[in-house]
Amino acid sequence: MRTERPQGAPVGPARGSRRALLPLALAAGGLAVALLVQAVFDPFRTDVPLCPVYHLTGLHCPGCGAIRSVHALLDGDLALALRSNAVLMVALPAVALGFGRWTLRRMRGLRTAAPPSSVVLAGAVIAVVFGILRNLPFFWFLAPVSFVGA
């Protein structure tokens with residue numbers, strides 16, 4: 001038995017600019033938190049034990065220096081941001097592009113799926129390799145800058 005769809009009923013998911021509110025709210029919230037941290041905390045002048053991996057093992061994890069990197073980026077110092085955590089600075093534009101793609105797909109009413117497993121696996125491999133290399137003496141330049149007085 002076939003049922004008829006009422007005239008004017010939507011065919012698929014809702015479309016339009018209202019569907020961009022969630023991504024825009026997430027982006028605005030993330031930026032607000034980053035700016036708030038920027039205003040009240042200077043990781044280059046204060047030694048706050050943020051990384052349990054570093055404090056337990058003495059090794060720099062892939063995320064070590066991320067707060068200093070974002071702080072330097074918001075200050076407009078790209079060189080110091082790269083020096084603090086290079087992989088984060090390379091990943092930020094890729095994340096922004098993915099976020100933009102997600103927003104556009106939501107606005108068009110298209111299905112928004114998780115990133116492909118190959119992308120997630122590649123990101124994990126890059127993070128692990130970066131975490132290993134930044135702890136080797138030959139790759140000293142990948143280690144984050146000094147915690148205090150950089």
Side-chain angles (χ1 to χ4, degrees), residues 10 12-150:
R15 298 173 67 165
S17 58
R18 283 190 44 200
R19 302 257 312 149
L21 290 178
L22 174 64
L24 292 176
L26 290 173
L31 184 60
V33 167
L35 290 172
L36 177 67
V37 170
Q38 177 80 5
V40 300
F41 176 68
D42 185 356
F44 293 106
R45 299 191 198 292
T46 309
D47 185 18
V48 177
L50 297 175
C51 182
V53 174
Y54 180 76
H55 288 284
L56 291 174
T57 66
L59 299 173
H60 298 290
C61 74
C64 279
I67 291 176
R68 291 185 298 280
S69 185
V70 171
H71 192 298
L73 184 65
L74 290 174
D75 271 345
D77 192 345
L78 184 59
L80 184 57
L82 280 167
R83 179 66 179 91
S84 296
N85 192 319
V87 80
L88 178 68
M89 290 299 102
V90 172
L92 279 177
V95 169
L97 286 173
F99 208 78
R101 183 175 183 265
W102 175 54
T103 303
L104 289 175
R105 289 184 63 82
R106 280 184 56 90
M107 288 176 63
R108 292 180 181 151
L110 301 173
R111 187 172 153 262
T112 54
S117 58
S118 59
V119 171
V120 174
L121 181 62
V125 167
I126 289 169
V128 168
V129 169
F130 179 69
I132 292 170
L133 291 179
R134 72 187 324 202
N135 287 291
L136 298 176
F138 186 72
F139 293 98
W140 60 267
F141 54 90
L142 292 177
V145 293
S146 172
F147 288 99
V148 179

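Remember, predicted model here, so these are calculated numbers, not experimental data.
Within the model, atoms CZ of Arg68 and CG of Leu73 stand 14.5 Å from one another, a figure rounded to the nearest 0.5 Å. Taking CD1 of Ile132 as the reference point, atom SG of Cys61 lies at 13.0 Å (rounded to 0.5 Å). A distance of 9.5 Å separates CE of Met107 from CG of Leu21, quoted to the nearest 0.5 Å. Atoms CG and CZ, on Leu110 and Arg19 in that order, are 9.5 Å from each other to the nearest 0.5 Å. The CZ atom of Phe41 lies 12.0 Å from the CG atom of Leu36; values are rounded to the nearest 0.5 Å.
In this structure Leu104 satisfies the side chain to side chain contact (heavy atoms under 4.5 Å, CB included) test with no other residue, sequence neighbours excluded. Taking the side chain to side chain contact (heavy atoms under 4.5 Å, CB included) definition, one finds that Arg101 meets it with Arg105, sequence neighbours left out. The side chain to side chain contact (heavy atoms under 4.5 Å, CB included) search around Leu74 returns Ala34, Leu35, Gln38, Val70, not counting sequence neighbours.
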What side-chain donor-acceptor pairs closer than 3.5 Å can you find for residues 84-92, not counting sequence neighbours?
| from | atom 1 | to | atom 2 | distance (Å) |
| --- | --- | --- | --- | --- |
| Ser84 | OG | Leu80 | O | 2.9 |
| Asn85 | OD1 | Val87 | N | 3.4 |
| Asn85 | OD1 | Leu88 | N | 3.1 |
| Asn85 | ND2 | Pro62 | O | 2.9 |
| Asn85 | ND2 | Cys64 | O | 3.2 |

Enumerate, atom names and distances included, each donor-acceptor pair closer than 3.5 Å involving a side-chain atom of residues 117-130, sequence neighbours excluded.
none

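The ring pair (Phe, Tyr, Trp, His ring centres under 6.0 Å) contacts involving residues 78-124 comprise Phe99-Trp102, where partners must be two or more places apart or lie in separate chains.
Residues Leu142 and Leu133 share a closest heavy-atom pair of CD1-CB, 3.9 Å. Contact detail for Ala81 and Ser69: the closest heavy-atom pair is O-OG, 2.8 Å.
Taking 4.5 Å as the limit, every side-chain heavy atom of Arg134 sits out of range of all side-chain heavy atoms of Phe139.
Atom CZ of Phe141 sits in a crowded spot, with more than 12 heavy atoms from other residues, nucleotides or ligands closer than 6.0 Å.
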